[in-house]
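Quick note on labels: first sequence line is chain A, next is B, and so on, each numbered from 1.
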Amino acid sequence: MPELPEVETIKRSLAQKITGLTIREVKIYLPKIIQITNPDEFQTGLKGKTFLNVNRRGKYLLFYLSAEYVLVVHLKMTGQLIYSPANAPVAKHTHAFFNLSNEHRLSFIDLRQFGRLYLVPLEELENMPGLKKLGFDPLSENFFPDIMAQELSHRRTRLKPLLLDQSFIAGIGNIYADEILYRAYLHPLRPANTLKAQETAWLFKAIQEVLQEGIAYRGTTIRDYVDGEGRPGNYQNKLKVHGRAGQACERCGQLITRLRLQGRSAYICPYCQKL
DNA sequence: AAGAAGTCCTGGGCGC
DNA sequence: TGCGCCCAGGACTTCT
């Protein structure tokens with residue numbers, strides 16, 4: 001379940017390890033994880049390319065390569081990208097790996113096989129399905145309270161589905177959505193266009209604060225998440241509501257409850273977050 | 001056109 | 001001890 005803070009942590013941990021390294025060999029065990037190009041083209045296309053830079057957009061990782069190509073990775077729920085010595089044993093659920101020019105290896109590991117890898121020419125990057133529809137990046141300099149307020153004012157959608165809508169705002173998933181709404185004292189079913197100015201301001205602030213804290217704590221590890229060197233995050237210890245049904249709210253002492261929303265869990269404090 | 005439901009997957013946890 | 005069931009949920013597709 002890597003969300004923005006986890007993907008950002010992976011980006012940072014890998015950037016310092018692989019920048020400048022060249023891909024010598026590509027091994028694919030599970031061809032279906034390769035999308036857009038067929039696995040053969042993917043393999044031959046990657047071979048000999050050098051990692052120039054690593055970036056993140058929403059929950060997507062972008063590896064800028066030499067010869068104007070980009071390796072795009074989405075980890076979905078249980079995907080991992082791990083940098084390790086090339087002679088380390090191949091972990092269970094490894095679906096692909098790249099041997100690098102320094103006796104190290106970048107492995108893609110994914111228990112649930114939802115994650116996907118794409119190799120695209122730089123000039124086609126902006127047209128990639130999924131990437132081109134992404135909304136605001138909540139941590140970018142172009143994300144302003146008034147822009148968000150304007151967007152909210154003409155949407156009847158409920159707040160939580162809206163936070164999870166990547167074409168509205170890019171990078172928030174189920175865990176951080178719950179934490180953001182709790183911090184902003186807002187109920188997940190609240191229609192977006194009913195927010196008062198003060199509430200919109202709380203929401204905006206909560207989005208930035210929660211995501212920044214998540215990054216500062218190197219992400220949330222509930223089960224599978226680790227960074228590019230296999231290290232778990234620490235933000236799971238800071239969660240106020242997500243996964244805490246039956247425990248007391250830190251602010252008011254009421255018990256945290258779990259709702260079902262679109263087949264997903266939503267955790268709230270029923271006193272702090274009234275509809 | 002927006003919203004809900006179905007789809008892909010494995011493994012942990014639970015009741016019996 | 002093991003079977004069946006539910007749950008975890010990102011994003012795309014399909015239906016209403």
Protein and nucleotides 14-16 of chain C: nitrogen or oxygen contacts under 3.5 angstrom:
none

Pick base, sugar-phosphate or nothing for A/H242, based on heavy-atom distances below 4.0 Å to the nucleic acid. sugar-phosphate
Whole angstrom value for the distance that separates C1' of C/dC12 from NZ of A/K132: 14 Å
Is A/R156 side chain donor-acceptor paired with the B/dG3 base, going by distance under 3.5 Å alone? no
Is A/Y29 isolated, or which residues cluster with it under the ILVMFWY side-chain rule of less than 4.5 Å, directly or via members? A/V90, A/F97
Linking Ile, Leu, Val, Met, Phe, Trp and Tyr through side-chain heavy atoms less than 4.5 Å apart, which residues share a cluster with A/I82? A/I109, A/V226
Between the protein and nucleotides 9-12 of chain B, list the N/O to N/O atom pairs that are separated by less than 3.5 angstrom.
residue : atom : partner : partner atom : Å
B/dC9   : OP1  : A/K32   : NZ           : 2.2
B/dC9   : O5'  : A/K32   : NZ           : 2.9
B/dC9   : O2   : A/R112  : NE           : 2.6
B/dC9   : O2   : A/R112  : NH2          : 3.4
B/dC9   : N3   : A/R112  : NH2          : 3.4
B/dT10  : O4'  : A/L111  : O            : 3.4
B/dG11  : OP1  : A/K92   : NZ           : 3.4
B/dG11  : OP1  : A/H93   : NE2          : 3.0
B/dG12  : O4'  : A/R223  : NH2          : 3.2

What's the gap between C/dC7 and B/dA5 when it is taken at their P atoms, as a whole Å value? 15 Å
Mind checking ring pair (Phe, Tyr, Trp, His ring centres under 6.0 Å) for A/Y69 and listing every partner two or more places apart, or none if nothing turns up? none
Using the test side chain to side chain donor-acceptor pair (under 3.5 Å), find all partners of A/T37 that sit at least two apart in sequence or belong to another chain. none
Given atom CG of A/D110 and atom P of B/dC8, what is their separation to the nearest angstrom? 16 Å
What's in the same ILVMFWY side-chain cluster as A/L259, cut-off under 4.5 Å, chained through other members? A/I268
Checking side-chain polar atoms at under 3.5 Å, does A/T50 have a donor or acceptor matched by the opposite partner on A/T22? yes
d(CD1, A/I33; P, B/dC8) in whole Å: 18 Å
Separation of A/E3 atom CD from C/dA8 atom P, in whole Å? 14 Å
Members besides A/L125 in its Ile/Leu/Val/Met/Phe/Trp/Tyr cluster (side-chain heavy atoms under 4.5 Å): A/I36, A/Y60, A/L62, A/Y64, A/V70, A/V72, A/Y118, A/V120, A/L122, A/M128, A/L131, A/L134
Under the 3.5 Å Watson-Crick or G-U criterion, the dot-bracket string of DNA chain C, with | for inter-strand pairs: .|||||||.|||||||
For A/I172 and A/L211, run side-chain contact (heavy atoms from CB on, under 4.5 Å): C-alpha distance rounded to whole Å, both residues' side-chain angles, the deciding distance at 0.1 Å, then the answer. CA-CA 8 Å; A/I172 298 172; A/L211 295 176; 4.2 Å; yes
Give one of base, sugar-phosphate or nothing for A/G130, where a contact means two heavy atoms less than 4.0 Å apart. sugar-phosphate
Tell me which nucleotide among C/dC7, B/dA4, C/dG10 gets nearest to the side chain of A/Q262. B/dA4
Would you say A/T78 places a side-chain N or O within less than 4.0 Å of OP1 or OP2 belonging to C/dA8? no
Would you say the side-chain atoms of A/R218 pair up with the backbone N or O of A/G233, donor to acceptor, closer than 3.5 Å? no
Does A/Y225 have A/R231 sitting over its ring (NZ/CZ under 6.0 Å from centre, angle to axis within 45°)? no
Can a side chain N or O of A/S265 be found less than 4.0 Å away from OP1 or OP2 on C/dA8? yes
Judged by modelled atom types alone, do A/Y176 and A/E6 share a side-chain donor-acceptor pair under 3.5 Å? yes
Would you mind reading off the distance between A/L75 atom CG and C/dA11 atom C1', rounded to a whole angstrom? 14 Å
Listed partners of A/H242 passing ring pair (Phe, Tyr, Trp, His ring centres under 6.0 Å), at least two apart: A/Y267
Nearest-Å distance for atom pair CD/C1', residues A/Q35 and B/dT7: 14 Å
Please tell me which of the listed nucleotides, C/dA8, B/dG3, C/dG10, lies nearest to the side chain of A/K59? C/dG10
Using atom P in both nucleotides, what's the gap between B/dC9 and C/dC3 to the nearest angstrom? 23 Å
May I have the distance from A/K133 (atom NZ) to B/dA2 (atom P), rounded to whole angstrom? 12 Å
Expressed as a whole number of angstroms, how long is the span from A/R264:CZ to C/dC7:P? 12 Å
Could you check whether A/R260 gets within reach of a base, just the sugar-phosphate, or nothing at all, counting any heavy atom under 4.0 Å? sugar-phosphate
With respect to the phosphate group of C/dA8, does any side-chain polar atom (N or O) of A/R258 fall under 4.0 Å of OP1 or OP2? yes
Any heavy-atom pair between the side chains of A/R183 and A/I207 that's under 4.5 Å? no
Linking I/L/V/M/F/W/Y whenever their side-chain heavy atoms sit closer than 4.5 Å, directly or via other members, would A/V7 and A/L139 fall into one cluster? no
Among residues two or more places apart or on two chains, list those pairs meeting ring pair (Phe, Tyr, Trp, His ring centres under 6.0 Å) that have a residue in residues 75-96 of chain A. A/Y83-A/H104
Give the residues of residues 159-178 of chain A touching DNA chain C, defined as any heavy atom closer than 4.0 Å, sorted by residue number. A/Q166, A/G173, A/N174
